[in-house]
Amino acid sequence: MQSPAPLPDPTPQSPAAATPGGWWAVCLCAAWCGTCGVYRPLFDELARAHPDVRFEWVDIEDDAEIAGDLDVETFPTLLIADGERALFLGPLLPQAPVLGRLLASLQASSPQAGGAGSTGGTGGEAQEVFERVRAARSR
């Protein structure tokens, strides 16, 4: 499956990438999933185009402790967080531009970016998964 639109030009390194509170894009997939295998190179390419966002690939079977009780039924499932709050958790079309637009939209509406933002995030389960990802993958 090919991405139907070109990826955005890479952005310069942002201070958010170096701080623990920076943006995260987490793909929850499984090694056996053919769609995930096709999506992985696009996800990696998008990571290079957005150095201000931390991209993590989590295999829900190999990293079952991270996924916890989350029941992932559709692949890929994405978790987007602003570094403190999970803002999105759900299936997403396996196309890089779709994730790029979602990231841009969430970043633009974030209180950190001066937008209106939301105060509640996506809910308890998404927040718990994000906290486990952050704890397991923080360097």
Side-chain angles (χ1 to χ4, degrees):
M1 181 182 308
Q2 292 295 328
S3 179
L7 293 171
D9 290 332
T11 55
Q13 180 70 22
S14 164
T19 64
W23 285 83
W24 290 64
V26 180
C27 187
L28 302 166
C29 277
W32 53 262
C33 173
T35 301
C36 295
V38 171
Y39 187 52
R40 181 69 189 259
L42 300 173
F43 186 80
D44 292 343
E45 189 175 340
L46 194 58
R48 288 187 294 276
H50 291 273
D52 57 327
V53 178
R54 182 166 182 161
F55 284 74
E56 291 289 337
W57 190 267
V58 175
D59 185 305
I60 64 165
E61 293 175 346
D62 290 345
D63 295 313
E65 70 283 353
I66 293 175
D69 292 333
L70 180 67
D71 187 18
V72 177
E73 295 179 7
T74 304
F75 295 103
T77 290
L78 275 289
L79 170 70
I80 310 294
D82 66 2
E84 299 298 323
R85 296 175 300 132
L87 300 175
F88 176 87
L89 175 65
L92 199 67
L93 289 174
Q95 300 168 348
V98 174
L99 176 53
R101 286 190 301 272
L102 177 60
L103 278 169
S105 173
L106 290 171
Q107 288 175 321
S109 66
S110 170
Q112 295 173 357
S118 74
T119 57
T122 62
E125 186 175 43
Q127 187 64 33
E128 290 170 8
V129 172
F130 173 60
E131 289 173 7
R132 287 192 297 268
V133 169
R134 185 172 51 187
R137 300 289 174 92
S138 290
R139 294 177 180 98

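Sequential numbering from 1 along the given sequence is applied to the chain's residues. Heavy atoms only: backbone and side chains are in, while hydrogens, waters and symmetry mates are out. Because the structure is a prediction, the values reported are computed rather than measured.
- With contacts defined as side-chain heavy-atom distances shorter than 4.5 Å, the pair D63/R137 qualifies.
- Closest heavy-atom contact between A25 and L103: CB-CD2, 4.5 Å.
- In this structure, the side chains of R134 and E56 stay at 4.5 Å or more apart for every pair of heavy atoms.
- Contact detail for Q127 and R85: the closest heavy-atom pair is OE1-CA, 3.3 Å.
- The two residues Y39 and P76 have their closest heavy-atom pair at CD2-CG, 3.7 Å.
- Judged by distance alone, the side chain of S105 and the main-chain N or O of R101 form no donor-acceptor pair under 3.5 Å.
- Between W57 and F43, the two ring planes are perpendicular [angle over 60°; tilted spans 30° to 60°].
- For D44 and R40, the salt-bridge test passes: some basic side-chain N is under 4.0 Å from an acidic carboxylate O.
- Considering all non-hydrogen atoms of both residues, L78 and C27 come closest at CD1-CA, 3.9 Å.
- Side-chain contact check for E125 versus L70: some heavy-atom pair is nearer than 4.5 Å.
- No side-chain heavy atom of L106 sits less than 4.5 Å from a side-chain heavy atom of D82.
- L92 contributes atom CG, which lies 12.0 Å from atom CG of L79 (distance to the nearest 0.5 angstrom).
- Contact annotation: the side chain of L46 never approaches that of V53 to less than 4.5 Å [non-hydrogen atoms, C-beta and beyond].
- The two residues A67 and V129 come nearest to each other via the heavy atoms O-CG2, 4.1 Å.
- Relative ring orientation between F75 and W32 is described as perpendicular, the plane-to-plane angle rising above 60° on a 0-90° scale split at 30° and 60°.
- The side-chain heavy atoms of Q107 and D52, taken from C-beta on, include a pair separated by under 4.5 Å.
- W24 approaches G83 most closely through the heavy-atom pair CD1-CA, 4.1 Å.
- Summarising the geometry, atom CG belonging to L28 is positioned 7.5 Å from atom CD1 belonging to I60; distances are rounded to the nearest 0.5 Å.
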